[in-house]
Structures are given as C-alpha cells and as structure tokens.
Amino acid sequence: MPKRKVQRQDAVPKSEPQREAEQAAPAEVPANEAVQAAQAEVPANEAVQAAQAEVPASKEAVQAEEGAAKQPEAPAEPLDPEALLEVRHLKKYFPAQKNFFGKPKTWLRAVDDVSFKIKTGTTLGIVGESGCGKTTLGRTILRLQPATGGEVYFDGKDINKLKNAEMNALRPQMQIIFQDPYSSLSPRMPVGEIIGEAVAQHKLVPRSDLKNYVLDIMRRCGLPYHYYERYPHEFSGGQRQRICIATALALQPRFVVCDEPVSALDVSIQAQIINLLKDMQDSMHLTYIFISHDLSVVEHISDRVGVMYLGSLVEYADTDEIFRNPMHPYTEALFSAVPVPDPDAHSHRIILSGDIPSPVNAPSGCKFHTRCNRCMEICSQVAPKFKDYGNGHMVACHLYSQE
Amino acid sequence: MLFKNKKTTSSDGAQPAKTKAPIADAHYLSVRESRAIAKSNARVIRALEKRKKRTHVSESEYLCEMQDPNNIVEFDDLRTYFFTDAGVSKAVDGVTFSIPRGATVGVVGESGCGKSVTSLSLMQLVQAPQGQIVGGSIRFNMGNKAYDIAKMPISEMRKIRGKQIAMIFQEPMTSLNPVFRIGYQLDEMVLLHTPGCTKEQAKARSLQMLELVGIAAPERVYRCYPHELSGGMRQRVMIAIALSCDPRLIIADEPTTALDVTIQAQVLDLLREIKGKIDGSIMLITHDLGVIAEMADYVVVMYAGRVIESGTTAEIFHNPLHPYTVGLQKSKPVVNRKVERLYNIPGQVPNPIDMPDYCYFKDRCTRCTARCEGEYPHFIQVSPTHRVACYLYAGEDGKGGPDA
C-alpha cells in the first residue's frame, strides 16, 4: 500500500523545492516509521473494533487510544491544538490530456496549494464561482479521492497517510452532505434503512437498538417517525435534504462537509435547513465546512470565510471582517454582484468581464489578472503571496505590500 | 364542466373492519378510483384538444377588447389545470394581473406555485394533453387589435409565438439544440417569422443580434455549437434568439438561476440595457427576491396557484402586507444584515390536488383569525396599484377597504 502511494506521487510534476526536499530525504524517515508503527497497531485496532461492537459507549476511549498510537506522525511544524482540521498545501490535480502512451501531458489543477485550519465547533464557509474547485476541495479533505500533494491533519493525524482500515475506522467522524438531495438517496431503500445502513456498517449500536437509534436521529432532524418505512420519492426536496442530514449525523460525526446543501431548495425551505444545521451544530458540537456560491447564506452560517478562485484561496478571514472590508478585488466584485432585496439600494456594482478561465492552463502570475479591474504590470508575471494582513485576514494580491 | 376528484376522505366510506391496517396515507387511491379519474379526465381532455386543433377558425372567436389599452397582456381569472391519474391538479387557479407596456413585471413564488405554468399558458406551451387551460382569458394587445390567447387555436398561435412573445428559458443548455450550430438556430427563427427573407438577410440579422447581446466575436460564435460556449454565453445566445423578431413581450423564466453571481450580474445588466433599446415589456419569473428588487417595476407574489399580493416594487418591499410575503422576505439571509436565527415559514405548501376551501396559507399562517375559516379571501385594494388577498386587511363585509 505505501509503495503504491509513492508511485502515484511520482507521476505528478514536482516543483524544484519539493524535489530537493525529497532528495534530502529526512522528511521521508518519520513517515516510514509511522507506517511501521501503524502496521504494528493493526491487531490492536481490530480488537478495539470488536470491543466497540459490544460497548458503543467506549467510542471516546477508542479515539483516545488511536490518538496516542499515532504520536510519531506529528508533522514538522506543530499543529494548532485548538484546530480540529488543518489543511496544509493541499493539491489535487486531474490528468487533462494524455500522450500516446497514456501518460498525462497536462494537468487540471482543481485544488492548488490550499492551506487553512478550522477550530473545533466553528464553521468555515468556502465561496467561489462554479468550477473554482470548492467541491473538489471538500472531497479531497475527506479522502473521497486521493490528494496529489499536501497534508490534511484531522485531530492530529494526517489522513492521507492512514491505511484503508484505519481510514474506515475514522470515516464515521467525517461526514458529507451532498448538494442534490434528489440523486444522493438510493431510490430502492426506505428512509430507515438509508439512515441505519452506515450505523450498522460501523457497528455504532447493537442490532437490537438500531431502529430506536434511527428513530431518535430522525426525530432530532425533524422527520416524523412514520417516515421510517417510506421511500425517498415520496418526499419533497426539503424533506429529502433532512434525510441526507440525518444520514450524515447518525454516525455521530465531529466534522461535516456541507457541499451546497441548500442550493437546490426554495427560499423558505432553505431557512428551515440552515436553522436545522445550526441547531445540530450547537447540540452535537459539530465542525462544518460550508461550501456554497450563495454569499448571503455563507455569511449567515460561517465564522470564517475563504474565497476561492481557480483552485486557490485568494482571501481568508473572519466573516465580519471579510464582509466589512473585502481586500481582494475578486472578493469585492463577488460581493457587489449579489442582488440585494431592497429596491432603493442600488449599489455601485463591479461587473467582471468574461468568464472564469480554464484551470488546465490557468493565467500566469496572479490567476485573476485577466478579469481584474485593478490589474498592474506585475500581476501577470509574479504570483502574489498569500499573506496575513493582521487579525488573521489573509489575502493574495499585489495591491498590498508583499514584504 | 365536471372534474372528478378523488374522494375527500377515502377511509370513511370503506368498512374499516375489512382492511388489514388503517392506511395512514390520506392520498391513497384504489385502482378503481384511479381508473374512474383517468376515464373522466380523458373525456375532458379530448373535448379541449379537439377545440384547440381546429383549423379555419374565424377571427371573431378570439378577438377581444383590452380593459386598458396601455397594457400589453391582461391575465383574467386564468385557470390552467393538469389532469393526472391521481386527480385534477390546479396549478394555476384564478390568476389575475396585467403587464403594462414598457414595464418589467416580476413574478415571485416558491417552486410549484404556478409561476412557470402561468407563463407557459401565455405561450400556449403547457404540457398537453394533461395540461389544459380550462377557464379565464389572456388578452394580448397586438397593437391595433387584441386577441384572447386562451381561446386561440394552435395554428393561429404559431404566428404569435416567437414573433410577438419570446421566451428565455432557465437552462440554456437544454433549450439549445446540441446538434445544430448557433447560427442555424438563430437564422431559423428569423426565416420562419419574416416573410420573404433571404438567407443572407437572416444571417445579417443574426450577427446584429449577437452583437447586441454583447458577444465580442459574433462571426465565431455564429459557427459554434452550443457545447463550445460557457453558461453565460449560452444565455446571451438565448436572449439574442428571443430578441431577433422584435417581440412586444419577453418572458424570462428564471434566466439567471443556473448561473454564477458574477455572470448573473452580467446577464441582468444586459437585460436592463436591452429593454431600453427595444421598447418592449419583460415578464420576469424568479424566486430570487434580490433579482426582483433590482429589475422589476411591478411585483406579483404567487402562492399555490393564486396571486396573493401585487403592487409596485417599492410597495411590496417596503410595505409587504400578506403574511406569506413578509415571511418570504424574512427567511432570506441578506448580506450585511445580521440575524441570529432565520425566520422559517412553518409547514408546507398544500397538495395541489386536494386544495382546502379556505385560504391556502391558513395552515402555515401565524396571524390567522377566525375569519380565515371562511371562503378564500377576495382581493383588497390597498392603493391604486397595491392589492392583497388576506382577511387581515378586509372590512366587515370581507370585501371592503383597508381597516388595518
């Protein structure tokens, strides 16, 4: 397994510093040790799982044990102890063109060097146009697809270095709610079975208690108990989204990626679902990544907001700060484009010309310079640094000092 | 006309002792009931379809008078029903409003409230044979005369549709034909509606239209296939097609819902600009209150197949009267306006097959009174342009002027 991973990483073009780092090799050693340690851990893990099946209450104990076992995997830079999830230089490239021998010639950089961290119990909103890599970011964080580079530390562990069995044990803690409630529910399974399936798979509760457990989570998500036997086609969009939320929350996760959960819903139903998500966050101490293109929704639900453009974060700050004082020209344009439901509020609108460029051959320098209304000469040549300008307000733009 | 609906209480008539378990679902239909409904539906549909498909209909049959010659369209008690095997679904049930010349009228409401069906009725494009206009009239001002679209036969409607009334659909990808070039689809429209037009003239007109909607390289786009264009460009092409015959009315059915905010801003800007150039009216259908506030002169709020409130944009946004309009505005988070918790309208839209005989919003309303038990409220004129269907603003007789 580790061998395969090495091959995959080699297949991707590497920047000079990366290659040098690998030749120097010391970075490789702790990882190897970690793998060995993890291998030694496997039988113990199985035993733990068996124990889990019998005593569901011992979940915390299991987590503590696992956390202790993974000590050697600690990264070079110390992790923020308050952060549940920390993403460092995450990259996800897809092969865009292949040559005659099937080797990729060009790459689509869907997520390109994204770093952030989320504190326990808070919500990070990710906004951006379609095709900017929001969804890919969410899926890569959950390792629903392997990352091309970078690290994702969940609870102090780099999930990209975990073995499959360990990852599966971690899955209940990391869940996702998908965008389209019409296509993400199996049409052949009744609601109770859909919600209970993963619970049974991960043996969170004994078989005999399963139904009561599922009914309890349904009640908390606002689904009446007689929906247990019904099929998804009998429900409206809002109810289906409740089913999706119940399915995700039934596993008692700590971290949930909400991938445009309200985009397909009506305004009044949107409010219900947003309120439900907030209630659940309070009662279960959840940590959310909330991906959406609707800025007003993101402002309402998030504590921090990251703005993405062509696979990179261009601005990242506290919600109040970013909405009051957007620094990046793209953020400004994005915010000014939101229609305000007030006929008198005709604000000065910044209209971006043209469409988002293709991520296969992204513009040189600052990726936004082709559409920017404050573009300078340097923008097309040098990529700006993603820098902190006080209060954790991070921006990547040449308008502000790069020193 | 008699429409057979399903029995109001299916479990009361049958002997409860015989059935194994009481059926919790109130919408349950037995095979026999369903078949009876289908049979009576087929009878009604056949009669209506026959009437629509006649040829050589004398003009006097659908000629009518506009109530106000300054209006371009007047909907008067329009009823469009869908005859399904589960019963008659009243998608549009008595809609009355008008579109003045040169104005933009926004129609808002949740999905399934009948806003799209209203516009499709105006184009006579309702999914037939199930969907049928069964009552009311749609008066369309042709300049020197007026036609009632609800009574027009298909053969005559073809001359108006596309030429006088054009439509911009929600999904630009599904409404453009993927196997024809953009140029062909534009030319087709011009050739069909302009008698004696040559291919060269049509092409010149198409290129002119592409330029009008702000496409930088019209010659190149003219030769493209729809998949080669981005979402915003496709929507521009759709607008160009709609404009190519100088329509008097453009129906924009959620023109920006499938687009990003930045592209949405571009398209809305374009629509506003074009309206000034062509001197036509726009009927803008959307569920986004922000878009309405920015674009519309008049707003019509629909709920469960009926208009519940209408007025100028300022009246609806600054002085919303109907509890549903108020709820709709409160449930949408607004940038730079912090609220701890979003307001949500409790409950759900009633089943369109089985509408109650009292106010449709009563079961979800937080301000309902004893009078709401009565029949569906009539319109109350609050100001010359503002009217609302709610008992909160009615006089003693249920019809009179505002007392609240």
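Owing to the predicted nature of the structure, the values given are computational and were not obtained by experimental measurement. Here is how names work: the chains are called A, B, and so on, in the same order as the sequence lines, proteins then strands, and each is numbered from 1.
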Least distance between heavy atoms, B:Ser331 atom then A:Ala271 atom: O-CB, 3.6 Å
Option in B:Ile263, B:Ile292, B:Leu268 with maximal non-hydrogen atom pairs under 4.5 Å from chain A: B:Ile263
A:Tyr225 OH: over 12 foreign heavy atoms closer than 6.0 Å: no
pair A:Ser296-B:Lys332: side-chain heavy atoms closer than 4.5 Å: yes
Beyond-backbone contact of B:Arg341 with A:Asp279, side-chain heavy atoms, under 4.5 angstrom: yes
Between B:Leu289, B:Thr257, B:Val261, the one whose heavy-atom pairs under 4.5 Å with chain A are most numerous: B:Val261
Region of A:Ser236 in contact with chain B, defined by heavy-atom distances below 4.5 Å: side chain
Non-hydrogen side-chain atoms of B:His318 and A:Asp344 separated by less than 4.5 Å: yes
Sub-4.5 Å side-chain heavy-atom contact between B:Glu110 and A:Ile269: yes
Chain A contact via B:Gln264 - side chain, backbone, both or neither, heavy atoms under 4.5 Å: side chain
Check: A:Glu129 side chain, B:Leu259 main-chain N or O, donor-acceptor pair, under 3.5 Å: no
Neighbour count >12 (heavy atoms, 6.0 Å) for atom OH, B:Tyr298: no
Nearest heavy-atom neighbours spanning B:Phe317 and A:Pro343: CB-CD, 3.4 Å
Which of A:Val298, A:Asn275, A:Val267, A:Ile274 touches chain B most, by non-hydrogen pairs under 4.5 Å: A:Asn275
Closest approach of B:Ala293 to A:Val340 (non-hydrogen atoms, all atoms of both residues): CB-O, 3.6 Å
Atom of B:Asp288, atom of A:Pro339 and distance for their closest heavy-atom approach: OD2-CG, 4.4 Å
Interchain contact, B:Arg236 with chain A, by part (heavy-atom threshold 4.5 Å): neither
For chain B, the option from A:Gln270, A:Gln239, A:Gln272 that forms the most heavy-atom pairs under 4.5 Å: A:Gln272
A:Ile273 CD1 to B:Leu342 CG distance, which is reported to the nearest 0.5 Å: 12.0 Å
More than 12 heavy atoms of other groups within 6.0 Å of A:Asn391 CG: no
Atom pair OG1/CZ of B:Thr262 and A:Arg371 - distance to nearest 0.5 Å: 5.0 Å
Closest approach of B:Glu294 to A:Arg349 (non-hydrogen atoms, all atoms of both residues): OE1-NH1, 2.7 Å
Toward chain A, the part of B:Ile345 with a non-hydrogen atom under 4.5 Å: both
Residue A:Leu352 versus chain B: region with a heavy atom under 4.5 Å: both
